[in-house]
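These notes are about the structure you will find just below.
Position 1 is the first residue of the sequence; numbering continues from there.
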Amino acid sequence: MNRTLMALGAAALLSSVPAPAQEAAASDKMTLEDVLAGYYEAIGGLEAWGSVSSARMVGSMRAPNGFEAPFTLMFKVPGKSRLEFTFEGLTGVQAVDGDAAWQIMPFMGKPDPETMPRDQARLMIEQADFDGPLVNWKEDGNTLEYLGVEDVEDTDVHKVKVTLASGDVRHYFLDAESFLPLRSLAQTRVQGQEIAVETTFDDYKEIGGLVLPHTIEVRQVGAPDRAQVFTIAETELNVELDDGQFRMPGAGG
C-alpha cells in the first residue's frame, strides 16, 4: 500500500455538516471489537495469519550516521527471531529463542555471542511475536482498550492502547479508513532511562495472503536525527528454518 494513509482532500458538505465531522462521529460509536474486526480483515484475516509458521525477509537498513547495510530477518513461530546485517565485511546477529535473547556485535568489538542486556532483550523478545500484540491478544495475556478517534498529521486514526502481559504499554494508531497500522508508540526503559520510541509503517503489500508493511521507520521521540529505516525487498512465508539458527552458540541443546 502506498500513501493511501495520507490526509484526505478538502471535505464535501453532506446535509450541511462537514464530512470529516460525520466520519468522526460515526467512528466514535465504534467498539474495540469493531476496530479489531476491521484490522484483522485489513491484514489478511486471522486464518491466513494462523497458517504461517515461519518467515524470512531480506532488505536494507539505514541509520543517520551513514550506516547502511543489507539485512536478513527470520521468524519462526512461536517466539523465535534472528536478524543478520553486514557492514564492511562484518556480520552482526541479534536473535531470540523463546525467553532468551543474544547477539554478536563485531562492530562494537564483541565478535563472540553474548546475552543481551535485560532492557534490550525484553524489547527483542516482544518483537519476536510475528503476528504482533493485537492478534491472539487474550491468549498472550495482553489487555486492549479502544481510546477513540484522533487526528494524526491530518489523518483520522483509531487509537488502541495495549498493556502487555509484562505491564509495558504500547499505543497503536490504525488508519480510520483502511484499518492498517500507521504507527505505534512505545514507552520503554533503556539503560535506566525512560524513552518513547515511535515506529511508522508504510508501503503495505500482499504476500501469501498477508498484508505486510515493507517500509518501517523507528525513531526515538525527541531525537529525529536518530531514525532507523528498514526497507524490505523480499518476503517468503513458511520457509524451512532450523531451530539451531535461533539458539545461542554454546547454549546447549
Side-chain angles (χ1 to χ4, degrees), residues 1-3 5 43 52 54-76 79-97 101-117 119-133 170 172-173 180-186 188 190-191 195-208 210-237 239 241 245-246 248:
M1 183 186 72
N2 295 317
R3 279 293 184 181
L5 303 178
I43 62 174
V52 175
S54 64
R56 178 166 51 219
M57 303 172 182
V58 177
S60 62
M61 57 187 296
R62 186 178 73 252
N65 58 1
F67 179 93
E68 190 164 355
F71 74 82
T72 299
L73 176 61
M74 294 175 282
F75 292 93
K76 189 170 183 179
K80 297 179 186 292
S81 71
R82 180 183 175 109
L83 172 67
E84 296 179 1
F85 48 97
T86 302
F87 181 69
E88 294 185 344
L90 300 175
T91 298
V93 177
Q94 294 180 316
V96 174
D97 184 14
W102 58 277
Q103 61 186 0
I104 300 173
M105 300 295 286
F107 324 101
M108 301 172 64
K110 299 178 179 180
D112 298 321
E114 63 176 9
T115 301
M116 278 188 195
D119 291 339
Q120 185 181 0
R122 188 178 72 253
L123 291 174
M124 289 294 295
I125 291 170
E126 175 189 336
Q127 294 164 6
D129 182 9
F130 178 64
D131 51 17
R170 309 286 182 254
Y172 279 78
F173 303 86
L180 290 170
L182 282 179
R183 66 179 59 175
S184 67
L185 183 64
T188 190
V190 177
Q191 296 180 350
I195 65 170
V197 178
E198 181 181 85
T199 303
T200 302
F201 309 98
D202 201 356
D203 191 23
Y204 280 89
K205 298 177 183 178
E206 188 274 328
I207 305 291
L210 308 188
V211 179
L212 301 166
H214 280 63
T215 300
I216 301 171
E217 180 176 311
V218 183
R219 66 172 67 239
Q220 181 179 336
V221 175
D225 58 335
R226 297 181 62 183
Q228 292 180 316
V229 179
F230 296 80
T231 302
I232 299 169
E234 181 182 356
T235 300
E236 300 175 276
L237 302 177
V239 294
L241 298 176
Q245 293 178 287
F246 305 96
M248 181 175 171

- Side-chain contact, heavy-atom cut-off 4.5 Å: Arg122 with Asp119? yes
- Contacts of Glu126 that satisfy side-chain hydrogen bond (donor to acceptor under 3.5 Å, both in side chains) - sequence neighbours left out: Arg170
- Residue list, side chain to side chain contact (heavy atoms under 4.5 Å, CB included) with Asp97, at least two apart or on another chain: Lys80, Phe246, Arg247
- Query: Any side-chain heavy atom of Trp102 within less than 4.5 Å of one from Arg82?
  - Reply: yes
- Could you grab the distance from atom CZ of Phe230 to atom CZ of Phe85, nearest 0.5 Å is fine? 8.5 Å
- Identify, with sequence neighbours excluded, every residue that meets ring-ring contact (aromatic ring centres under 6.0 Å, His included) alongside Phe173. none
- Looking at CD of Gln127 and OG of Ser81, how far apart are the two atoms once the value is rounded to the nearest 0.5 Å? 8.0 Å
- Those residues that, when tested against Thr86, pass side-chain hydrogen bond (donor to acceptor under 3.5 Å, both in side chains) (two or more places apart): Thr91
- Note on the structure: Contacts of Phe75 meeting ring-ring contact (aromatic ring centres under 6.0 Å, His included) (sequence neighbours excluded), chain-then-number -> Phe130
- Quick one: pull up CG in Leu73 and CD in Gln94 and give me the separation to the nearest 0.5 Å. 10.5 Å
- Query: Can you tell if the side chain of Leu83 reaches within under 4.5 Å of the side chain of Phe71, non-hydrogen atoms only?
  - Reply: yes
- On a heavy-atom basis, the closest approach of Lys76 and Leu241 is NZ-O, 2.8 Å
- Non-neighbouring partners of Phe87 that pass side chain to side chain contact (heavy atoms under 4.5 Å, CB included), sequence neighbours left out: Phe67, Ala69, Phe107
- Task: With sequence neighbours left out, write down each residue that passes side-chain hydrogen bond (donor to acceptor under 3.5 Å, both in side chains) with Gln245, or none if nothing qualifies.
- Result: none
- Could you tell me which non-hydrogen atom of Ala101 sits nearest to which non-hydrogen atom of Ala121, and how far apart they are? CB-CB, 3.7 Å
- Query: Excluding sequence neighbours, so at least two apart, what forms side-chain hydrogen bond (donor to acceptor under 3.5 Å, both in side chains) with Glu114?
  - Reply: Gln103
- Atom OG1 of Thr231 and atom CG of Asp203: how far apart are they, to the nearest 0.5 Å? 8.5 Å
- Item | Sequence-distant partners of Thr115, side chain to side chain contact (heavy atoms under 4.5 Å, CB included), two or more places apart | Met248
- Item | Shortest non-hydrogen contact from Ala196 toward Leu185 | CB-CD1, 4.3 Å
- Task: Among residues two or more places apart or on two chains, list those pairs meeting side-chain hydrogen bond (donor to acceptor under 3.5 Å, both in side chains) that have a residue in residues 54-64.
- Result: Arg56-Glu236
- Message: To the closest 0.5 Å, what do you measure between CE (Met61) and CD (Gln228)?
- Response: 5.0 Å
- Query: To the nearest 0.5 Å, how far apart are CG in Asp131 and CG in Asp129?
  - Reply: 5.0 Å
- Item | Closest contact, heavy atoms only, Ala55 versus Leu237 | CB-CD2, 3.9 Å
- Side-chain contact test, heavy atoms from C-beta onward, threshold under 4.5 Å: evaluate it for Ile43 versus Leu180 and give yes or no. yes
Could you pull out all donor-acceptor pairs under 3.5 Å where a side-chain atom in residues 211-220 meets a protein atom, sequence neighbours excluded?
| from | atom 1 | to | atom 2 | distance (Å) |
| --- | --- | --- | --- | --- |
| His214 | ND1 | Leu212 | O | 3.1 |
| His214 | NE2 | Thr235 | OG1 | 3.4 |
| Glu217 | OE2 | Arg219 | NE | 3.0 |
| Glu217 | OE2 | Arg219 | NH2 | 2.1 |
| Arg219 | NH1 | Pro224 | O | 2.9 |
| Gln220 | OE1 | Arg226 | NH1 | 3.3 |

